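These notes are about the structure you will find just below.
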Amino acid sequence: MANSVNLTVKLGSLIFKNPVLTASGTFGYAAEYKKYMDLNALGGFVVKGLSVKPKKGNKPPRIVETPCGMLNAIGLQNVGIDRFIKEKLPLLEDVDAHIIANIYGTKADEFVELADKLEHIGRVSALEVNVSCPNVSKGGALFGKNPNDVFSLTSSVKKHTSKPVIVKLTPNVDDVAAIATAACDGGADAVSLINTITGMVIDTKTKKPFLANRTGGLSGPAIYPVGVRMVYEVYEKIKVPIIGVGGIYNSDIALQYLMAGAALIEIGTANFTNPNITVEIIKGIKEFLEGENIKSVGDIVGIAHNA
Amino acid sequence: MKLEIFENKRVAKDTFSLKIDNPALFDASPGQFFMVKINDFDYPLLRRPFSIADFNDRHIEIIYKVVGEGTKILASKQKGEFLDLLGPLGNGFGDIEKNRRIFLVGGGIGAAPLIYLSNVLENMYGVNYKAYFGFNTKDEVYVDFGKTATMDGSLGYAGNVVDMVEPELDENSLVLACGPTLMLKRLAYVCYQKKCDMKVSLESRMACGIGVCLGCVVETIDKDFKRVCVEGPVFDYREIEWQTL
């Protein structure tokens, strides 16, 4: 009964061979992982957030571990869109998985410029618009907290690309469903949630915030119930596919996101601990479906709402 | 890769020597490190980076200090248990020029990678070196060769290891160092004044160890950031913007 379970997922015009992607900022430009896993096994991967110009990022310390989680304030260090296209993408020529470019800007014009530059890059399947990075002073989450801004930014990017547009949402808002609705009204083909939760760790020896940026984004297993709850809430309000992300470190949590309403999922911090975790999660999802005699992964998406 | 613990014993105050069966599947050079998963489950979440204190046909040795929750749990691990290691990772001390006056300078737990380095210098390169190690007190000392300095004067030279080695250094010296940031900063200043070379192994908090999380960066003199895990952990000291450390 090989291949009896259908793991494929459709997102707009794209077909993913399974629902497992990697989350931006946790997978570099993907080639780094070639040594540790089979990139072809993935549905796709979201590369490190890209800006128009290279970005140096925040001063260290940038990370600190917390119980079952970690706080980071990298500050979107990246090589910039031009070097990404010229140097990083060619390394993925032979990889059979969707590449999603996460894009970031401080104003709408920059997002549009990034969309323009990627429009004719065939290897990039979709754009993930980052309106939710908590660790940069301008742009990022400032867009993501206001429904009007999310609407106008999404529609601007949509006008400049034929690729599916995914809007990545911040959990640091009162009503995430309202923001998701605004993204959809702006033409988003999907939304991904959640980005990290803003937090702080204080070093009691120095009596100062531990991170140079003072605050950082909390990720890891500690945050997954927040993500599952938010996916559940958003699923009831929007029609487009949801990409669930936040604290997934095994297939059980991945399944929880799917049951809450996510059509696809992204694995983030868990890649740091186990570079092969995505492959293990794909296997776990498949085994679960086989065990439950469920033919297609789509059959469990949002199933928790039936209760 | 899961490897069996051969021995995990206390060798000095809060300091343990962990010997793990070497599967003989790879080589490792001095200055490289392993990312070790402390438990099979998600606490502690992140792997811990450890330098290599010895690497031979039978064992991989890591010498670590109990400083927090992760290393406390590690210290409770017994012979026969398994640990998940990722590595060896990073760039080590690299090729050593033979015709230099070589000094190994280590401080505290930072002396650990210099033990493996000393073995390689002796056995592979056949070169002479002098070793200087600094500790706070006598009961922290776990190294059985070279000259020792203790801050409280309980063993060897009384004071800082940098002060002990300073008179020895000249333009033909090559210092190979690892230790606490403050010690390395002082040593960098001394090397700068004496116009000698130094390769220095830096420590940093890491989430991944493989260059993707960008959490472990240090600032370099060209006002850029370099990853300790991939571009390091061993750097030419002239590359580092020491004031930022």
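For the numbers below, each heavy atom of this structure counts, side chains included, while hydrogens, waters and symmetry mates do not. Please read these numbers as outputs of a predicted model, since none were measured by experiment.
The environment of CZ in B/Arg10 is crowded: more than 12 heavy-atom neighbours from other residues, nucleotides or ligands sit within 6.0 Å. Atom NZ of B/Lys138 has 12 or fewer heavy atoms from other residues, nucleotides or ligands within 6.0 Å.
Scanning all heavy atoms of the two residues, the minimum distance from B/Cys208 to A/Phe272 falls at CB-CD2, 3.6 Å. Summarising the geometry of A/Ile74 relative to B/Cys213, their closest heavy-atom pair is CD1-O, 3.3 Å, with the distance given to 0.1 Å. Here the shortest heavy-atom pairing between B/Ala207 and A/Ile63 reads N-CD1, 3.4 Å.
The CZ atom of A/Phe27 sits 8.5 Å away from atom CD1 of B/Ile210, with the distance rounded to the nearest 0.5 Å. Taken from CG in B/Leu46 to CE in A/Met70, the straight-line distance is 5.5 Å, to the nearest 0.5 Å.
Proximity to chain A (any heavy atom under 4.5 Å) is shown, for B/Leu245, by neither the backbone nor the side chain. Heavy atoms of B/Met206 lying under 4.5 Å from chain A belong exclusively to its backbone. Neither the backbone nor the side chain of A/Pro61 comes within contact range of chain B, judged by heavy atoms closer than 4.5 Å.
The choice from B/Gly215, B/Gly70, B/Gly211 that makes the most heavy-atom pairs within less than 4.5 Å of chain A is B/Gly215.
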Dump the table of donor-acceptor contacts under 3.5 Å between chain B and chain A, or return none if there are none.
unit_1, atom_1, unit_2, atom_2, d
B/Leu45, N, A/Glu65, OE2, 2.8
B/Leu45, O, A/Thr273, OG1, 3.1
B/Leu46, N, A/Glu65, OE2, 3.3
B/Arg47, NE, A/Thr273, O, 2.5
B/Arg47, NH2, A/Thr273, O, 3.0
B/Arg48, NH1, A/Glu65, OE1, 2.8
B/Arg48, NH2, A/Glu65, OE1, 3.4
B/Leu214, O, A/Arg62, NH1, 2.8
B/Glu219, OE1, A/Lys59, NZ, 3.1
B/Glu219, OE2, A/Lys56, NZ, 3.3
B/Lys223, O, A/Lys56, NZ, 3.0

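For the pair B/Leu86 and A/Pro275, the minimum side-chain heavy-atom distance is below 4.5 Å.
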